[in-house]
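Report on one structure; see the data block that follows.
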Amino acid sequence: MKSQKAAIFDLDGTLLDSMGVWNQIDIDFLGRRGIAVPADYMTTVASMQFREIAEYTIARFGLTDTPEQLMAEWDEMARVAYGTTVQAKPGAVEYLRELKGSGVRLAVATTLMPQLRTAALDHLRMSEFFDVIVSVDDAGGVGKSKPDVYLLAASRLGAKPENCTVFEDLLVAIRSAKSAGMQAWAMYDDSSASDWPEITRVADGTLHDFRDAPRL
């Protein structure tokens, strides 16, 4: 039996032009506490999962909040933004429609909390395209520095790793997908601009616009 062709998409910074939302949340959140956002903060937390970010933020800035309090505050700020203001990357919706129409199986592999990914996918009318949605929490809480979440997505799609193409914006995630034997295409995002030369070297292809994405 011929193995199913599959495409696995990250959300933040890949399908969603959402990093500006998190920048603003960071500015507003730390601003409430009289702290300016350090230059390295966004890139440091980019590949972490939500609780890890909360724990790191508390430790780094000596905050008195619990991780649960931080996550609840961020969640409320983000839920509004993801349900109303987040935009899709150029050509994303059209590309998903094209892949779906050509019989490619589609998955989301994300670090986003369920309520945020649901808000964004519904707001942008992307929900209908995906056969599978998995998060790092579904993969035992293992972050994208390891390929577990991509392998889980492939398994649920019924696709072999070598027949999967992963779309990501983070260098660490692209390396993970490649380590699992998958193709990896990089979407440019300002949040990982400093890694772009290395991303270009490691990825199988690079994009600024999904209209230039590979025809699977």
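All values below were derived from every heavy atom in this structure, side-chain atoms included, with hydrogens, water molecules and symmetry-related copies excluded.
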Can you list the steps and then say if Q4 with N163 is a side chain to side chain donor-acceptor pair (under 3.5 Å)? CA-CA 7 Å; Q4 180 69 50; N163 289 325; over 6 Å; no
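- Classified by interplanar angle (parallel below 30°, tilted 30° to 60°, perpendicular above 60°), the ring pair Y95/F210 is parallel.
- Relative ring orientation between F50 and W22 is described as perpendicular, the plane-to-plane angle rising above 60° on a 0-90° scale split at 30° and 60°.
- The shortest distance between side-chain heavy atoms of L207 and W185 falls below 4.5 Å.
- Applying the ring pair (Phe, Tyr, Trp, His ring centres under 6.0 Å) test to residues at least two apart or on different chains, none of the pairs has a partner in residues 97-137.
- Cation-pi geometry between R33 and F29 is met: the NZ or CZ atom falls under 6.0 Å from the ring centre, inside 45° of the normal.
- Between W74 and L116, the closest side-chain pair of non-hydrogen atoms is not below 4.5 Å.
- Nearest heavy atoms, T85 versus V21: OG1-CG2, 4.4 Å.
- With sequence neighbours left out, Y56 forms a ring pair (Phe, Tyr, Trp, His ring centres under 6.0 Å) with no residue at all.
- Looking at every heavy atom in both residues, L99 comes nearest to A7 through CD1-CB, 4.1 Å.
- The main-chain N or O of Y188 is found under 3.5 Å from a side-chain atom of K89 such that the two form a donor-acceptor pair.
- Applying the side chain to side chain donor-acceptor pair (under 3.5 Å) test to every pair with at least one member in residues 171-181, sequence neighbours left out, gives these pairs: R175-E198, K178-D204.
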